[in-house]
Protein chains: 2
Amino acid sequence: MAGRIAAVSIVEAVAADLRTRIFAGELGSGESLTESQVASTYDVARPTAKASIEKLVAEGLLDRGTHKTARVVELGPDSVRDIYLARAYLESEVLRRLARTGDVPEAAVQANRDIAALQTGAPLDVVEPDMRFHTSLIDAVGNERISRMYRSLVGEVRLCMVRVQSLQLLDTALIQAEHQKILELIEAGQGEEAAGLLDEHLGRARERLVAAMGGTPGPEAEQPSGLLPQ
Amino acid sequence: MAGRIAAVSIVEAVAADLRTRIFAGELGSGESLTESQVASTYDVARPTAKASIEKLVAEGLLDRGTHKTARVVELGPDSVRDIYLARAYLESEVLRRLARTGDVPEAAVQANRDIAALQTGAPLDVVEPDMRFHTSLIDAVGNERISRMYRSLVGEVRLCMVRVQSLQLLDTALIQAEHQKILELIEAGQGEEAAGLLDEHLGRARERLVAAMGGTPGPEAEQPSGLLPQ
DNA sequence: CGCCCTATGATTGTCTAACAAGTACACATG
DNA sequence: CATGTGTACTTGTTAGACAATCATAGGGCG
């Protein structure tokens with residue numbers, strides 16, 4: 001599917017570029033984005049820029065009040081906990097549901113293979129397949145609205161992942177191993193255990209990120225018992 | 001719209017009115033809404049009308065593709081099942097979480113009191129407090145993103161509720177009694193049982209609505225065992 | 001010297017007007 | 001009857017403009 005011509009609207013194109021720039025850290029936390037600024041940057045009309053900005057606000061990547069300039073969101077410890085808890089709500093229930101049928105989505109397997117394949121390289125490279133692993137689990141239940149809800153969270157989740165990886169708070173091998181174990185538990189029909197492991201998986205990332213932000217981390221930040229073979 | 005000063009933006013005001021008109025059935029399923037139509041109806045500029053329409057599209061109340069006129073969404077049996085399953089995902093997990101602390105949100109109690117109070121009147125009167133009952137449970141977990149996700153579903157849920165009530169598929173007393181029981185189970189810390197009852201509660205509405213739409217209903221559509229005292 | 005108030009500039013909300021591009025449907029043609 | 005064409009309608013985008021609001025820097029006053 002690498003071909004796929006891009007016949008999207010200008011609004012969407014501008015929004016997409018702003019998105020990648022935010023993820024890349026090019027637009028840092030708290031940075032302000034005026035409508036005219038965006039308009040002149042991409043050489044579009046101001047209403048178009050406005051629409052793009054509003055799109056990103058809806059995604060939670062930008063923040064703005066009436067008559068105030070939009071800013072890149074600043075994630076504090078509270079927001080991070082909020083985001084990860086919301087993830088856990090959706091994802092753990094999804095795992096239980098998937099385990100009931102024992103169906104392991106192929107896309108998730110592939111995503112985890114991709115993680116395993118990139119032993120070397122920049123830490124940020126893991127973000128994309130990691131994100132894909134989790135979204136493909138969500139999509140596997142085949143519920144349009146659930147996917148839509150998760151998607152409204154994905155922007156912020158990704159922002160957190162970028163942080164976690166830039167700070168090197170997690171070992172890639174551990175991520176991959178836990179993903180693997182989750183898939184195995186699903187296949188074995190052990191939904192509750194899969195959900196529990198996911199909670200650990202997310203909890204560790206969450207609390208380490210909180211700690212790195214100056215908050216007081218919970219006990220979840222500690223090393224896992226013994227999942228890694230070596 | 002008596003009382004309540006309107007200090008919101010024009011876009012929001014137009015969107016709000018369209019929303020109520022959709023809920024009231026004044027704008028039926030499949031009805032088309034042209035940008036210029038909306039613009040002239042409310043005497044606003046077309047870009048303003050456009051923004052309002054896009055807002056409702058994001059809420060799932062309107063449907064539209066690029067370069068195509070927006071239409072009021074048409075809910076088929078598949079969509080109804082999709083919507084109710086998504087609800088169940090969020091709400092059942094919320095009940096488990098609430099049961100863990102035994103906290104019964106006051107707003108939910110009040111909402112159910114309001115349902116009990118309206119023994120008489122139009123069937124549609126139950127929609128608002130019913131909706132409020134469920135949203136207040138969601139909001140009770142105090143997670144901003146979860147509330148946001150649920151809100152992205154609320155429009156469609158409400159549309160379903162309006163249908164259920166117009167067709168008189170459920171007895172108000174039964175709704176109220178099941179809500180009551182759910183609250184009691186939360187207080188007793190029996191999360192799993194509360195979630196189970198909710199599943200029944202939602203499943204019945206769902207399958208009866210599906211049946212009324214010409215789909216083949218599942219077994220959940222049947223009468224409940226014996227919750228009603230008389 | 002510090003604080004409150006005002007004035008100025010910047011920014012957003014909304015409007016009018018317009019053109020380009022795409023869609024849908026009736027119509028004519030083979 | 002199938003197919004192509006044309007016309008009217010609708011949306012996407014732009015430009016420019018004005019009012020309302022917000023932020024900030026000065027000036028007046030205690």
Open item on the list: Can you work out whether T34(B) or P47(B) has the more 5'-proximal nearest nucleotide on DNA chain D?
Closed with: T34(B)
Task: 5'-most by nearest nucleotide on DNA chain D - T69(B) or A45(A) - done: T69(B)
- [ ] Among H134(B), R96(B), H201(B), find the one that has a side-chain hydrogen bond (donor to acceptor under 3.5 Å, both in side chains) with E91(B).
- [x] H134(B)
TODO: Could you check whether the rings of F133(A) and H179(A) sit parallel, tilted or perpendicular, using 30° and 60° as the cut-offs?
DONE: parallel
Considering only side-chain heavy atoms of [X], which listed nucleotide, [options], is closest?
X      : options                   : value
H67(A) : dC22(D), dT14(C), dT11(D) : dC22(D)
R64(B) : dT11(D), dT12(C), dT14(D) : dT11(D)
R46(A) : dT11(C), dA17(D), dT13(D) : dA17(D)
V11(B) : dT14(C), dG12(D), dT10(D) : dT14(C)
S9(B)  : dT12(C), dT16(C), dT14(C) : dT14(C)

Which whole-number value in Å describes the distance from [X] [atom1] to [N] [atom2]?
X      : N       : atom1 : atom2 : value
E54(A) : dT12(C) : CD    : P     : 11 Å
L62(B) : dT11(D) : CG    : C1'   : 15 Å
I10(A) : dA21(C) : CD1   : P     : 11 Å
E35(B) : dT14(C) : CD    : P     : 16 Å

Open item on the list: If we ignore hydrogens and angles and just use 3.5 Å, is the side chain of N143(B) paired with the main-chain N or O of D82(A) as donor and acceptor?
Closed with: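 Here the side-chain-to-backbone pair exists.
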TODO: Would you indicate, yes or no, if dT11(D) has its OP1 or OP2 atom less than 4.0 angstrom from a side-chain nitrogen or oxygen of K68(B)?
DONE: no
Task: Any K50(B) side-chain nitrogen or oxygen under 4.0 Å from OP1 or OP2 of dG12(D) - done: yes
- [ ] Map V44(B) and S36(A) onto DNA chain C by nearest heavy atom, then report which one ends up closer to the 5' terminus.
- [x] S36(A)
Task: R163(A)-S29(A) side chain donor-acceptor pair, cut-off 3.5 Å - done: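 Distance-only check passes for R163(A) and S29(A).
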Open item on the list: Can you tell me how far apart CZ (R132(B)) and CG (D114(B)) are? Round to the nearest 0.5 Å.
Closed with: 4.5 Å
